[in-house]
Amino acid sequence: MLAGATGGGIHALHGPVDAAGRVNAGVGDPRWDTGPWPVALDAGCGSGPLSAALRDRGAVVTGIDASAGMLALARRRLGADVALHLVDLSDRLPFADGAFDDVVASLVLHYLEDWGPTLAELRRVLRPGGRLIASVDHPFVAYTIHDPRPDYFATTSYTFDWTFNGQSVPMRFWRKPLHAMTDAFTTAGFRLSVISEPQPDPAARELFPDDFEDLSTKTCFLFFVVEVPPSAAGSDD
């Protein structure tokens, strides 16, 4: 689920994106949308647009989310084509070891203070050679929008009030320095493949004509592609 805010910064710019179709964690980008996506887990699937995109590319998709309301919206969008489960990413995942070829986690990890247990579970359910493709808020954004600025090297929380359909909802996020993110992936046993600072698709200019310049010239997100080493079968080395 993509959070937003009314007052400024990244979420003020991107608040409408979830309603229009979430920021896709690399789907459609030729650098890592190498497909096919045979068996994929959408971790934090929200209302299901990314699951729909994966399904349309031929994947057998399973979606999980901690919100029953979001899963109800996803079921309306997806019909019976996608298995959906109410799951908290802080808990053990209800899947066998090596059950998935790919996991996508679009704007999910920055809701967690400690990525360790979640990444360990995502690695467990990926086959050797499988990929985790994740997007998160860029750490510079949460650092620069605060006055006074926080300690960049610390893990710190911050909140926004996201207003949608006239209802204000407080959202809490955790900002980590870049090295803490990469350390979390490698500690969980992943191998870093891609780190990218994406820019918007040119077609977004029509959707966000007032904001496109900011979206194109300022840091917004980080994309990661991390892999389970092919030799991981039967070993945690």
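All figures in this text were calculated on a predicted structure; none of them were measured in a lab. Positions are given from 1, in the same order as the sequence printed here.
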Could you measure the distance from the [atom1] atom of [X] to the [atom2] atom of [Y]? Nearest 0.5 Å is fine.
X      : Y      : atom1 : atom2 : answer
Asp88  : Ile64  : CG    : CD1   : 9.5 Å
Tyr143 : Asp151 : OH    : CG    : 8.0 Å
Asp81  : Arg75  : CG    : CZ    : 9.0 Å
Thr118 : Leu93  : OG1   : CG    : 8.0 Å
Leu86  : Ser67  : CG    : OG    : 8.0 Å
Arg123 : Arg127 : CZ    : CZ    : 13.0 Å

Should Lys218 and Phe140 be marked as a side chain to side chain contact (heavy atoms under 4.5 Å, CB included) after you check the CA-CA gap, both sets of side-chain angles, and the distance that decides it?
-> CA-CA 10 Å; Lys218 297 180 181 179; Phe140 289 177; over 6 Å; no
Tell me the closest heavy-atom pair linking [X] and [Y], and the distance in Å.
X      : Y      : value
Ala52  : Arg77  : CB-CD, 4.3 Å
Leu84  : Cys45  : CD2-SG, 4.2 Å
Leu222 : Pro139 : CD1-CD, 3.5 Å
Leu122 : Ala43  : CD2-CB, 4.4 Å
Val82  : Arg55  : CG2-CD, 4.3 Å
Ala40  : Ala59  : CB-CB, 4.4 Å

Can you tell me if [X] uses its side chain to pair, donor with acceptor, with the backbone of [Y] under 3.5 Å?
X      : Y      : result
Thr62  : Leu41  : no
Trp115 : Met181 : no
His110 : Asp137 : yes
Asp65  : Gly46  : yes
Ser196 : Phe223 : no

Checking side-chain contact (heavy atoms from CB on, under 4.5 Å) against Leu50, which of Asp42, Leu107, Val61 comes through?
-> Asp42
Which residues satisfy the side chain to side chain contact (heavy atoms under 4.5 Å, CB included) test with Asp147, sequence neighbours excluded?
-> none
Taking side chain to side chain contact (heavy atoms under 4.5 Å, CB included) as the test, write out the residues that go with Pro117, two or more places apart.
-> Asp114
Under 4.5 Å between side-chain heavy atoms, hopping through other hydrophobics if needed: is there a path connecting Trp174 to Tyr158?
-> no
Would Phe212 and Val141 show up in the same hydrophobic cluster when neighbours are defined by side-chain heavy atoms closer than 4.5 Å?
-> no
Arg124 meets the salt bridge (charged side-chain N to carboxylate O under 4.0 Å, His left out) criterion, sequence neighbours left out, with Asp97, Glu121
Who passes salt bridge (charged side-chain N to carboxylate O under 4.0 Å, His left out) against Asp56, sequence neighbours left out?
-> none
Looking at side-chain heavy atoms only, is the closest gap between Val228 and Phe190 below 4.5 Å?
-> yes
May I ask you to test the Leu215-Gln199 pair for a side-chain heavy-atom distance under 4.5 Å?
-> no
For the pair Ile195 and Thr182, evaluate side chain to side chain contact (heavy atoms under 4.5 Å, CB included) and give the outcome as yes or no after the intermediate values.
-> CA-CA 9 Å; Ile195 302 176; Thr182 58; 3.9 Å; yes
Can you label the angle between the Phe185 ring and the Phe224 ring as parallel, tilted or perpendicular, going by 30° and 60°?
-> tilted
Determine the interplanar angle of the His179 and Phe153 rings, folded into 0 to 90°, and report it as parallel if under 30°, tilted if 30 to 60°, perpendicular if over 60°.
-> tilted
What's the verdict on side chain to side chain contact (heavy atoms under 4.5 Å, CB included) for Arg149 and Thr144, showing C-alpha distance, side-chain angles and the deciding distance?
-> CA-CA 6 Å; Arg149 291 181 176 177; Thr144 56; 4.1 Å; yes
With sequence neighbours excluded, give me every salt bridge (Lys or Arg N to Asp or Glu O under 4.0 Å) pair touching residues 172-182.
-> none
side-chain hydrogen bond (donor to acceptor under 3.5 Å, both in side chains): which pairs involve residues 184-195, sequence neighbours left out?
-> Arg191-Glu227
